[in-house]
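Remember, predicted model here, so these are calculated numbers, not experimental data. Atoms within each ligand, like the ligands themselves, are counted from 1 in listed order.
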Amino acid sequence: MNKHLIDRILITLFTIIVAIGQITTINAQVNIQVDVADTGIEISPTLYGIFYEDINFASDGGLYAELIRNRSFEYNPQEPEHWTAEGSTISLVTEGMINEKQGHALKLETTLPNGGISNEGYWGINVVAGTQYRLSFWASPSARGRQAVFKASLKSKDGNVLGQTIIAQKLKKRWQKIEANIIAEASDPEAVFHLQLEEPGIVLLDVVSLFPPTFKGRKNGCRIDLAEKLVALHPSFMRFPGGCYVEGNHRPENAYHWERTVGPIEQRPGHMNANWGYPTTDGLGFHEFLQLCEDLNAKPLYVVNIGIWHGGCTPLDSLQPWIDECLGALEYANGPVTSHYGKMRAANGHPEPFNIAYIEIGNENYNWNMDNNSDQSDHYPERYQMFYDAIKARFPEVQCIGNVQSWGTDTPTWRNNHPVDLVDEHYYRTPQWFVSQYHRFDNYDRQGPAIYPGEYAVTNGYGTTGNINAAMGEAVFMIGMENNADIVRMSSYAPLFVNENCIQWRPDMIRFNSSQSFGTPSYWVQQLFSTHIGNRLVKCDMQWSIPQDEGVYANSTLDDKTGTLYTKIVNLGSTGTTGNLQISGGEATHAEMLRLAGMTGEDENTMQYPNNIVPRPTNVHIDNSGRTLNFDVAPYSINIITTKLK
Ligand code: AHR
């Protein structure tokens with residue numbers, strides 16, 4: 001075939017493709033009229049927040065930056081899980097611990113030089129060339145005053161040394177904390193940590209910890225890429241630490257008890273995260289959650305256990321210790337340094353109060369028995385009242401959030417005569433269900449409690465990691481929330497994080513492994529909505545006509561301080577169209593448009609293609625009058641137009 005012919009074929013193909021593109025964009029229109037002078041409800045400034053739960057290895061092996069797995073040897077009393085003997089004999093010992101909180105230490109015996117142990121971390125340790133890793137461990141000698149020479153190194157699985165340090169230490173005390181740095185000279189996202197004894201000997205080891213640089217340089221801090229993904233969400237609040245994680249399973253010891261999660265890490269025994277089936281170090285503890293809220297500029301929302309765990313509960317007449325524990329948590333966060341727990345907070349490095357703004361009284365503990373139309377035996381209303389009264393008596397500034405039925409109904413209601421500041425509704429459904437709920441909050445009783453959809457996500461029809469269909473369904477629901485953000489005061493998607501090596505719940509907003517992370521389309525919807533919202537709803541009418549019928553949804557909110565108009569448009573359909581936005585009551589001086597779109601509704605992001613669906617700038621044109629904006633509305637798209645007004 002000669003070059004001329006090839007060129008002609010290519011030109012013809014190109015013409016056909018352009019023509020098809022035009023067919024999909026010219027035969028329909030989305031017309032939006034916004035009257036900036038016609039302002040509606042005030043939008044709650046706390047509408048968008050986040051819900052953090054330790055599920056899917058969100059904490060250890062996730063947001064919590066610790067790189068050593070089973071650092072305190074407490075995971076399994078039978079064996080030192082995740083540790084491997086290398087030219088040595090290792091065993092667990094239970095006598096003569098660092099302190100009464102530690103139940104086990106590792107006995108390392110070597111008969112040859114350079115015997116030691118290794119640890120693969122959480123599915124590999126991410127080692128990056130040029131990075132300094134902070135090592136600390138506790139050692140107890142077999143004979144006092146003995147010089148011990150440790151070699152700590154990070155190696156690839158094939159034994160290639162990425163970085164190492166030699167620590168010569170006189171082990172004088174019964175237990176001694178040893179600290180050193182390892183600087184990596186090469187990278188490997190799945191490296192292994194090794195600790196060797198140069199000379200044969202016996203040593204006890206405990207709390208072996210290795211940290212990379214952390215978010216904001218916090219000593220016991222967070223993994224930077226994951227924390228930055230939270231920063232980008234601009235959350236106005238953070239609900240923590242769960243979820244079912246708060247409740248525990250089978251035994252009250254598995255419930256969340258905040259006090260065992262504060263203080264130096266060697267004082268934290270960790271506990272079994274029984275609902276999600278793995279142990280936690282509690283390294284990301286109550287104090288770190290509060291610190292993270294402060295670092296994110298997000299108001300803390302603490303979910304407290306009210307004496308109910310999965311499979312059992314404390315009788316009402318034995319509830320006082322649980323109430324005291326709750327008041328202790330609030331005193332730790334909000335009390336003056338002169339108070340018992342305020343003093344503890346100061347000793348842990350934060351004299352100023354953290355100011356918990358909200359407390360949720362129980363997690364999904366209102367279980368209405370549909371069969372006999374009665375409360376189940378956990379007596380949620382009575383428990384709620386006891387906690388509410390005790391909290392308000394001492395901490396009147398804290399808003400109380402109540403549970404309503406979370407599963408088995410689309411119409412949860414507050415069946416309780418006691419006052420409540422907000423109620424927490426949970427929805428895990430299909431994209432279509434979320435779209436069908438666009439008007440859900442329109443008719444909520446404005447005299448009733450404020451609403452906090454505290455957990456919601458498309459969990460049926462989301463694909464593998466979370467597709468654009470799911471994100472669009474949630475986006476339509478969220479526009480509905482914005483339209484009612486006088487009564488819907490807060491909201492949070494769930495769950496937030498997943499380590500792709502061990503998944504208990506799908507989908508999740510931020511997916512990661514040891515070295516990489518990405519946001520799903522749902523993450524980007526949360527990010528776009530949270531960062532593009534005004535303080536007032538404005539009158540927004542829309543007409544659309546697209547041959548096929550999935551629907552277009554739009555609204556506009558105005559930031560009346562900066563004169564910025566935010567218009568959101570969701571096109572659920574497979575047909576692209578042209579759109580125009582007519583503005584009255586103001587004139588546009590500048591406009592920008594961001595688009596989150598898929599080629600099909602099933603499109604998603606993956607570790608290999610993390611940026612397949614991310615917000616991308618797209619053209620928007622302002623006419624000479626400053627009154628009309630023209631743009632394209634792509635198929636399967638969520639669009640944000642930011643307009644500066646004069
Ligand atoms: O978000 C996952 C779980 O769903 C939460 O732990 C629980 O509150 C809900 O049932």
Side-chain angles (χ1 to χ4, degrees), residues 49-60 62-63 230 233 235 237-250 254-256 271-278 280 284 289 301-311 313 358-368 370 376 378 380 383-384 401-410 412 422-430 433-434 451-460 462 465-466 470 473-474 477 490-500 502-512 519-520 522-523 526:
I50 54 176
F51 164 44
Y52 181 90
E53 172 167 30
D54 188 359
I55 180 173
N56 308 312
F57 281 81
S59 294
D60 295 351
L63 183 62
L230 300 184
L233 289 170
F237 67 89
M238 181 171 96
R239 177 179 184 241
F240 68 92
C244 298
Y245 174 75
V246 169
E247 296 171 85
N249 206 327
H250 302 307
N254 292 324
Y256 187 76
H271 77 284
M272 188 63 191
N273 179 355
N275 290 100
W276 305 117
Y278 57 87
T280 166
L284 186 53
F289 283 125
L301 187 175
Y302 176 53
V303 181
V304 68
N305 187 306
I306 55 169
I308 298 178
W309 52 94
H310 288 196
C313 63
Y358 310 93
I359 189 158
E360 180 156 357
I361 301 180
N363 175 65
E364 294 193 341
N365 291 148
Y366 194 117
N367 297 315
W368 187 257
M370 304 291 267
Q376 288 176 357
D378 49 26
Y380 181 75
R383 280 167 203 269
Y384 172 85
I401 301 175
N403 296 170
V404 288
Q405 195 184 1
S406 308
W407 298 89
T409 179
D410 277 355
L422 294 112
V423 297
D424 177 7
E425 301 183 356
H426 294 181
Y427 301 111
Y428 294 107
R429 309 279 201 281
T430 62
W433 184 88
F434 279 102
I451 307 299
Y452 164 43
E455 296 183 26
Y456 69 92
V458 166
T459 50
N460 189 343
Y462 62 86
T465 62
E474 289 149 11
F477 183 72
M490 304 167 79
S491 70
S492 45
Y493 178 98
L496 195 50
F497 282 120
V498 63
N499 185 321
E500 66 170 6
C502 193
I503 303 176
Q504 288 93 49
W505 187 285
R506 295 167 199 263
D508 309 278
M509 209 157 73
I510 300 169
R511 198 174 169 104
F512 60 87
T520 61
S522 295
Y523 168 84
Q526 293 292 322

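- Under the rule for a side chain to side chain contact (heavy atoms under 4.5 Å, CB included), H250 has no partner lying at least two apart in sequence or in another chain.
- Enumerated by chain and number, the residues approaching ligand 1 to less than 4.0 Å through a heavy atom are E53, G243, C244, W276, N363, E364, W407, Y428, E455, A494, P495, W505.
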Derivation and outcome, ring pair (Phe, Tyr, Trp, His ring centres under 6.0 Å), residues F57 and W276: CA-CA 9 Å; F57 281 81; W276 305 117; over 10 Å; no
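- Side chain of Y493 to backbone of M509: no donor-acceptor contact under 3.5 angstrom is found.
- Side-chain contact annotation: N460 with W433, donor-acceptor N/O pair under 3.5 Å absent.
- Not a single donor-acceptor pair under 3.5 Å links the side chain of D60 to the backbone N or O of T280.
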Carefully, step by step, assess L496 and Y52 under the rule side chain to side chain contact (heavy atoms under 4.5 Å, CB included). CA-CA 6 Å; L496 195 50; Y52 181 90; 4.0 Å; yes
